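Report on one structure; see the data block that follows.
As the structure is a prediction and not an experimental result, all values here were calculated from the model. Throughout, protein chains are lettered first and strands after them, A, B, ... in sequence-line order, and every chain is numbered starting at 1.
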Protein chains: 2
Amino acid sequence: MEYTVQKLGKLAGVSTRTLRYYDEIGILKPARINSSGYRIYGQEEVNKLQQILFYRELGVSLENIKEIVTAPSFDGASALKGHRDKLLERREQLDLLIANVDKTIAAIEGRITMSDREKFEGFKQKMIEENEAKYGNEIREKYGQEQVEKSNKAFKNMSKEDYDKMTNLANEILETLAEAIKTKDPASELAQKAADLHKQWITMCWGDYNKEAHAGLAQMYVDDERFTAYYDEKQPGTAVFLRDAIHIYTGIKA
Amino acid sequence: MEYTVQKLGKLAGVSTRTLRYYDEIGILKPARINSSGYRIYGQEEVNKLQQILFYRELGVSLENIKEIVTAPSFDGASALKGHRDKLLERREQLDLLIANVDKTIAAIEGRITMSDREKFEGFKQKMIEENEAKYGNEIREKYGQEQVEKSNKAFKNMSKEDYDKMTNLANEILETLAEAIKTKDPASELAQKAADLHKQWITMCWGDYNKEAHAGLAQMYVDDERFTAYYDEKQPGTAVFLRDAIHIYTGIKA
DNA sequence: ATTGACATTGACGTTGCGTAAAGGTGTATA
DNA sequence: TATACACCTTTACGCAACGTCAATGTCAAT
């Protein structure tokens with residue numbers, strides 16, 4: 001089957017302007033130009049457009065789409081499997097947002113209370129995802145770590161100094177903890193220093209600070225195995241130790 | 001809790017530029033300006049920003065968001081319930097897209113075949129939804145039918161004539177069918193005329209035509225109760241009659 | 001031969017911000 | 001007390017991904 005701009009446009013649900021634009025920027029060239037200068041698209045172009053729309057749907061910029069689909073190594077089939085994963089991720093994120101709406105409604109009706117931070121839960125996840133779309137896998141492989149760090153910095157809306165400070169802080173926490181745990185006393189000076197460093201870290205992450213959230217997060221480090229794994233990597237029991245230290249530091253048991 | 005631009009930005013996952021822009025266009029004004037000219041946001045603004053981000057997430061333009069959230073009749077609680085519904089719709093649409101990817105993968109692996117039209121299934125639904133976001137309920141109530149027609153026209157990327165023609169065609173099909181069914185013969189001249197009109201209608205909808213799809217759609221009119229209801233509204237049995245006529249017209253039984 | 005829906009190439013407009021530039025503010029530290 | 005340094009401000013230009021004319025050519029049907 002052969003298509004003119006309008007036919008392909010109707011088929012795919014895009015405007016003729018879009019198709020001409022895609023031709024202009026070299027992301028989807030027609031199979032041939034007929035004697036009157038009309039753009040004629042064929043089977044291959046239909047499939048390519050489908051791929052392009054998948055990437056677009058995922059928030060990838062046309063510039064990056066171009067790099068991806070015109071690359072000689074481009075493999076349509078494996079790209080589709082990537083799309084699948086991303087779409088599933090997106091559905092999870094959607095569920096998070098829906099849960100957020102439900103919570104907000106419940107909060108308005110007075111059934112529960114909701115912190116300001118909770119009010120924006122689903123949105124931030126979305127940003128991470130969009131960032132991934134921008135500087136995701138394909139790009140990561142090409143330009144390496146630098147781009148990714150830049151994007152992380154951009155995402156967090158931080159200055160370079162802030163970003164470095166946070167990275168250092170995270171390391172310092174781990175080091176201090178490694179020393180502190182030898183005392184076996186979560187009330188010890190070193191343990192309390194670790195808790196204080198952790199407070200600073202949280203403040204940078206969230207932009208604000210309150211003891212309840214801090215104590216709650218500390219408990220989560222124990223309850224959620226992903227966090228437990230992070231802190232316990234070098235020395236099992238570190239997550240529990242940190243939680244105890246923070247509970248003493250804040251004077252709150254979650 | 002009071003917030004400066006950066007604190008609120010971090011909390012909500014938006015840039016300071018975005019907050020200043022929202023102030024500039026009058027969609028989110030700070031609670032007050034302090035003695036040094038700093039923007040200070042309070043509790044009310046936090047909640048309003050959350051609402052704004054919900055609408056933005058759903059693809060509503062900032063101009064429309066402004067109309068919505070600044071309207072004196074704006075009811076945050078019921079708006080949230082609206083968000084919930086839209087998000088659920090969006091999840092269904094996502095599932096459609098995911099199904100589409102799965103189908104495409106299966107098609108590449110040769111397990112099934114896939115028509116060009118099927119390749120873009122999920123995307124078009126998305127466009128309808130985006131259009132709803134643009135010219136949706138709130139606007140519909142304000143500007144009435146005109147805007148909605150305009151948007152429908154825009155969505156379908158049709159000329160005004162095309163749009164009118166389609167509407168007329170749809171009516172003509174129903175009228176012809178109403179007459180034809182009296183003959184009780186799906187092979188009758190009138191019934192075949194109805195099938196031919198229906199072919200024209202399909203061609204306008206899809207931009208192309210093939211008999212298999214036509215016959216398949218006819219069968220769907222019988223299988224899917226939403227379509228059956230549409231055709232059977234005036235006279236039960238019309239959907240079945242149309243299907244039979246089309247199967248004769250195309251020479252195919254789905 | 002004319003109509004009317006198709007196509008073409010410019011070229012300027014729009015949305016929702018990003019990104020300097022140039023400067024004032026507030027507080028911790030040397 | 002000075003000096004850093006992260007915070008805030010306004011002004012202003014830049015950008016992606018098209019939308020939207022305008023001016024013109026093409027093609028099939030009446």
Side-chain angles (χ1 to χ4, degrees), chain A residues 3-10 13-28 30 33-41 52-53 55-57 59-66 127 130-131 133-134 150-151 153-155 157-165 203-204 207, chain B residues 2-10 13-28 30 33-41 52-53 55-57 59-66 127 130-131 133-134 150-151 153-155 157-166 203-204 207:
Chain A
Y3 299 93
T4 60
V5 266
Q6 199 155 49
K7 291 207 175 159
L8 183 55
K10 254 173 197 165
V14 300
S15 72
T16 61
R17 175 67 173 100
T18 298
L19 291 176
R20 276 192 277 271
Y21 182 62
Y22 286 179
D23 181 6
E24 187 186 330
I25 64 173
I27 160 178
L28 183 70
I33 306 284
N34 79 1
S35 59
S36 324
Y38 289 20
R39 291 171 178 81
I40 309 292
Y41 299 88
I52 290 171
L53 293 185
Y55 280 112
R56 192 180 73 164
E57 173 69 26
V60 183
S61 74
L62 295 184
E63 198 185 324
N64 285 337
I65 293 180
K66 185 178 175 182
M127 291 193 55
E130 277 173 355
N131 235 252
K134 272 187 198 154
K150 197 178 136 201
S151 90
K153 166 183 163 293
F155 156 59
N157 199 23
M158 281 182 167
S159 62
K160 173 84 169 85
E161 295 74 37
D162 262 3
Y163 183 71
D164 290 346
K165 208 192 273 179
T203 309
M204 295 203 67
Chain B
E2 298 210 310
Y3 298 93
T4 59
V5 266
Q6 198 155 51
K7 289 203 176 165
L8 182 55
K10 255 174 198 165
V14 302
S15 71
T16 61
R17 175 67 174 100
T18 299
L19 291 176
R20 280 189 212 101
Y21 183 64
Y22 287 179
D23 182 5
E24 187 185 331
I25 64 173
I27 158 180
L28 182 71
I33 305 285
N34 80 0
S35 59
S36 324
Y38 289 20
R39 292 172 178 80
I40 309 292
Y41 299 87
I52 290 170
L53 292 185
Y55 280 111
R56 192 181 69 166
E57 173 68 26
V60 182
S61 74
L62 294 184
E63 198 184 326
N64 286 336
I65 293 180
K66 185 178 175 182
M127 293 193 54
E130 278 174 357
N131 233 250
K134 272 187 198 154
K150 198 179 134 202
S151 88
K153 166 183 162 292
F155 156 58
N157 200 24
M158 282 185 166
S159 62
K160 171 86 170 84
E161 294 74 36
D162 262 3
Y163 182 71
D164 291 346
K165 209 192 274 180
M166 266 197 69
T203 309
M204 295 202 67

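Here the closest non-hydrogen pair linking A/I40 and A/P30 is O-CB, 3.5 Å. Among all heavy-atom pairs drawn from A/Q6 and A/T16, the shortest one is CA-CG2, 3.9 Å. Closest heavy-atom contact between A/I52 and A/I65: O-CD1, 3.8 Å. Scanning all heavy atoms of the two residues, the minimum distance from B/Y22 to B/L62 falls at CE2-CD1, 3.5 Å.
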Evaluate side chain to side chain contact (heavy atoms under 4.5 Å, CB included) for A/N64 paired with A/Y55, printing each intermediate quantity in order. CA-CA 9 Å; A/N64 285 337; A/Y55 280 112; over 6 Å; no
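Defining each end axis of the helix from C/dA1-D/dT30 to C/dA30-D/dT1 as the rotation carrying four pairs' C1' atoms onto the next four, with five pairs an end, the two axes are found to diverge by 0° to 10 degrees.
Atoms CD1 (A/I40) and P (D/dC27) sit 10 Å apart, rounded to a whole Å. Between B/E24 atom CD and D/dC13 atom P the separation is 14 Å, expressed in whole Å. One atom, CD1 of B/I27, and another, P of C/dT15, lie 13 Å apart when rounded to the nearest Å. Between B/N64 atom CG and C/dT15 atom C1' the separation is 12 Å, expressed in whole Å. The CG atom of A/L19 sits 10 Å away from the P atom of D/dG19 (whole-angstrom rounding). Whole-Å rounding puts the A/R20 CZ to C/dC6 C1' distance at 10 Å. Atoms OH (A/Y41) and C1' (C/dT8) sit 12 Å apart, rounded to a whole Å. Protein atom NZ of B/K66 is 12 Å distant from nucleotide atom P of C/dG16, rounded to whole Å.
For B/S35, whose side chain is taken as the heavy atoms from C-beta onward, the closest listed nucleotide among C/dG26, C/dG16, D/dC27 is C/dG26. In this structure, of D/dC8, D/dC18, C/dT8, it is D/dC8 that holds the atom nearest to the side chain of B/Q6. Among C/dT15, D/dC8, D/dG19, the nucleotide with an atom closest to any side-chain atom of A/S15 is D/dG19. For B/T18, the side-chain atoms get nearest to C/dG18 when compared with the rest of D/dA17, D/dC8, C/dG18. Counting only heavy atoms from C-beta on, B/R17 has its side chain closest to C/dC17 among C/dC17, C/dG26, C/dT8. Distance from the side chain of A/R39 is smallest to C/dT9 among C/dT9, C/dA7, C/dT25.
Atoms CZ and OG1, on A/R56 and A/T18 in that order, are 6.5 Å from each other to the nearest 0.5 Å.
Looking only at side-chain heavy atoms (C-beta outward), B/V14 and B/L53 come within less than 4.5 Å of each other. With a 4.5 Å cut-off on side-chain heavy atoms, B/I33 and B/R39 count as touching.
Applying the 4.0 Å criterion to OP1 and OP2 of D/dC18, one finds that A/Y22 has a side-chain N or O inside that range. Side-chain N/O atoms of A/T4 include one lying less than 4.0 angstrom from OP1 or OP2 on C/dA7.
Nucleotides of DNA chain C nearest to A/V5 and B/N34 differ in position, and the one nearer the 5' end is that of A/V5. Each of A/Y21 and B/D23 was assigned the nucleotide of DNA chain D with the nearest heavy atom; the assignment lying further toward the 5' end belongs to B/D23.
A donor-acceptor contact under 3.5 Å is not formed by the side chain of B/Y38 with the base of C/dG26.
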